[in-house]
2 protein chains.
Amino acid sequence: MSGITYQRIQTEVLHRIRARVWRPGDLIPSEVALAAEFGCARATVNRALRELAETGILERRRKAGTRVSPDPVHKATFDIAVIRREIEALGGVYRHAILQKAHVLAPSFIQALMKLDIHAETLHIRTLHLSNDQPYLYEDRWINMAAVPGIRSADFSRVSVNEWLVQNAPLSGGEITFLAKNADEAEAEALDTTVGKALFVTERLTRIKQVSVTFVRLAYAPGYRMTTRL
Amino acid sequence: MSGITYQRIQTEVLHRIRARVWRPGDLIPSEVALAAEFGCARATVNRALRELAETGILERRRKAGTRVSPDPVHKATFDIAVIRREIEALGGVYRHAILQKAHVLAPSFIQALMKLDIHAETLHIRTLHLSNDQPYLYEDRWINMAAVPGIRSADFSRVSVNEWLVQNAPLSGGEITFLAKNADEAEAEALDTTVGKALFVTERLTRIKQVSVTFVRLAYAPGYRMTTRL
DNA sequence: CAGTGGTCTAGACCACAAG
DNA sequence: TTGTGGTCTAGACCACTGG
């Protein structure tokens, strides 16, 4: 090979954009032209540009060619790990406690959220996750029993619901939302803080083939920060 | 070609994982074996598996082979667009107002955050972004004057600082953090809410070649939710 | 050492959309 | 219509690392 790698090409492209040789909105040369310039195969240029397009730096369209994005949309990526992992990665000792576990008919707001039947049976579980015995995360979860056969016989004393679902209902789709919320009484008590304190909350709705499996709200203890590199 | 696409292979792999043919932790066949099975080139299998590995579903190591991730780390991706775009995408009419603009020596906490010199000059700008004339986002930004030549002559009445920086200092690296915060007086007043209200906040530190360019804190009006598909 | 993934090549055909 | 990106192929060599 010529020693040209797709990463080398990416570096060069980024350099040219930074140096304003190619400016936001500009059309850059075609793959064929760049392959000729760099003395490599088109496939190599293709991979380089395709990946840059995935990050939002370039925009590509057949026939129209490749442009530098006019206003680059940064794509921030966050790792959503199993909570135990998250805590252990921070050097904490993980422990969890189940505060409540009940089989109930879905209340109306959960029916609406999860698009459940009026008579749908759910498992409602509230769990506290601790790091070094300090409250770390308060979990309020609703599970659609119909969607997860086998959950009746699961034992959540050793493995948390969180982890059990990951293992037994993998690769599900859904949405995740981040928001801020003033602590209510239940949250304040669980997280050992005061009512009204601003909490970082993530809500996740998980589906397998259009069917809602679980809705979970995770409220982090005050001071939590979710960070990523750009 | 045989009609086999890398996407078809990805679908098949996901199906096998869901069907528990391949379970978390399991080693799956090598690229060569899968290429033979699917009747396609190894490069096609490679792309399929490589992309799945990027999403965290598979783990690959030379010689060791490819495994189904024992506890899959979901990667959630968020688009960080220019604020004007974000508002317009939601159907709002964008407007912004500069609440304060001052050239000042960096206060100590900013010095520390941005790793600035004691005598570093900064531009401190507080901006309110509005959607349909309703407060949407309160921006508190510090800019390292030394890192952005040309900013002295910029006019921020038409183009917001946000947008100016994107256009003039593109492709910078840095970190972004999400957190929840009780509104202080300045935030409450700007966002037309009450002190103590939980606000969703993002903080961004932007660098070009190790040099801090800008630190910005964005406090969203109450009720803001940041959502993405998984 | 040997098997696996990582990458590049040269060529080909296809799908899409701008002109 | 035709140029562009999107993808596949068959083969090759390399880089890493487990056994």
Side-chain angles (χ1 to χ4, degrees), chain A residues 1-17 21-70 72-73 75, chain B residues 1-17 21-70 72-73 75:
Chain A
M1 81 184 89
S2 60
I4 293 293
T5 68
Y6 75 96
Q7 295 167 5
R8 169 79 185 71
I9 295 176
Q10 289 179 337
T11 304
E12 177 60 22
V13 169
L14 290 176
H15 185 266
R16 290 186 189 180
I17 295 176
V21 177
W22 295 335
R23 300 196 293 166
D26 283 1
L27 200 60
I28 76 174
S30 73
E31 293 187 351
V32 174
L34 288 174
E37 180 194 334
F38 292 122
C40 66
R42 182 167 78 96
T44 306
V45 174
N46 178 272
R47 179 165 178 190
L49 300 189
R50 178 163 38 83
E51 287 189 358
L52 288 178
E54 279 166 10
T55 74
I57 289 167
L58 299 177
E59 289 178 0
R60 325 192 72 198
R61 264 157 47 225
R62 282 164 159 134
K63 170 71 181 178
T66 300
R67 308 185 162 275
V68 180
S69 296
V73 175
K75 309 248 184 196
Chain B
M1 80 185 88
S2 61
I4 292 293
T5 69
Y6 75 96
Q7 296 167 4
R8 170 78 186 72
I9 295 176
Q10 289 179 337
T11 303
E12 178 59 23
V13 168
L14 290 176
H15 186 265
R16 289 186 189 180
I17 295 176
V21 178
W22 296 335
R23 300 196 292 165
D26 282 1
L27 200 60
I28 76 175
S30 73
E31 292 186 350
V32 174
L34 288 174
E37 180 194 334
F38 292 121
C40 67
R42 182 167 77 95
T44 306
V45 174
N46 178 273
R47 178 165 179 191
L49 300 188
R50 176 163 39 82
E51 288 189 358
L52 288 178
E54 279 166 10
T55 74
I57 289 167
L58 299 177
E59 290 178 359
R60 325 193 73 198
R61 263 158 45 226
R62 281 166 162 134
K63 170 71 181 179
T66 300
R67 310 185 159 275
V68 180
S69 296
V73 175
K75 310 249 183 194

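Chain naming here is simple, since letters A, B, ... match the order of the sequence lines and numbering starts at 1 in each.
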Whole-Å distance separating the [atom1] atom of [X] from the [atom2] atom of [N]:
X	N	atom1	atom2	value
B/E59	D/dG18	CD	C1'	16 Å
B/R8	D/dC8	CZ	C1'	16 Å
A/N46	C/dC13	CG	C1'	15 Å
A/Q7	C/dC8	CD	C1'	12 Å
B/I9	C/dG5	CD1	P	13 Å
A/R50	C/dC8	CZ	P	11 Å

On the side chain of [X], is there an atom forming a donor-acceptor pair with the base of [N] - under 3.5 Å, no angle test?
X	N	value
B/R47	C/dT7	no
B/R42	C/dT7	yes
A/R61	D/dG6	no

Between [options], which nucleotide has the shortest distance from any of its atoms to the side chain of [X]?
X	options	answer
B/R60	D/dC8, C/dG6, C/dT7	C/dG6
B/E31	D/dG5, C/dG6, D/dT9	C/dG6
B/Y6	D/dC8, C/dG5, D/dG6	D/dC8

Closest non-hydrogen atom pair, [X] against [Y]:
X	Y	value
A/I9	A/F38	CG2-CE1, 3.9 Å
A/A48	A/Y6	CB-O, 3.4 Å
B/L58	B/V68	CD2-CA, 4.0 Å
A/S69	A/G56	OG-O, 2.8 Å

Check your understanding: Does anything in residues 29-52 of chain B pair up under salt bridge (charged side-chain N to carboxylate O under 4.0 Å, His left out), and if so which pairs, sequence neighbours excluded?
Key ->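 Every pair satisfying salt bridge (charged side-chain N to carboxylate O under 4.0 Å, His left out) with a residue in residues 29-52 of chain B: B/R16-B/E37, B/E31-B/R42, B/E31-B/R60, B/R47-B/E51.
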Check your understanding: Do B/L34 and B/L49 come within less than 4.5 Å of each other through their side chains, counting heavy atoms only?
Key ->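 The answer is yes, as the side chains (C-beta and beyond) meet within the 4.5 Å cut-off.
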Exercise for review: Check whether any side-chain heavy atom of A/I17 lies under 4.5 Å from a side-chain heavy atom of A/I28, and answer yes or no.
Suggested key: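 No, their side chains stay 4.5 Å or more apart.
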Exercise for review: May I ask you to evaluate whether B/T66 reaches the phosphate of C/dT4, defined as a side-chain N or O under 4.0 Å from OP1 or OP2?
Suggested key: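 For C/dT4, neither OP1 nor OP2 has a side-chain N or O of B/T66 closer than 4.0 Å.
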Exercise for review: Report yes if a side-chain nitrogen or oxygen of A/S30 is closer than 4.0 Å to either non-bridging phosphate oxygen (OP1 or OP2) of D/dG3; otherwise report no.
Suggested key: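 No.
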Are there any protein N/O atoms within less than 3.5 Å of an N/O atom in nucleotides 1-3 of chain C, and if so, which ones and at what distance?
from  : atom 1 : to    : atom 2 : distance (Å)
C/dG3 : O4'    : B/K63 : NZ     : 3.3

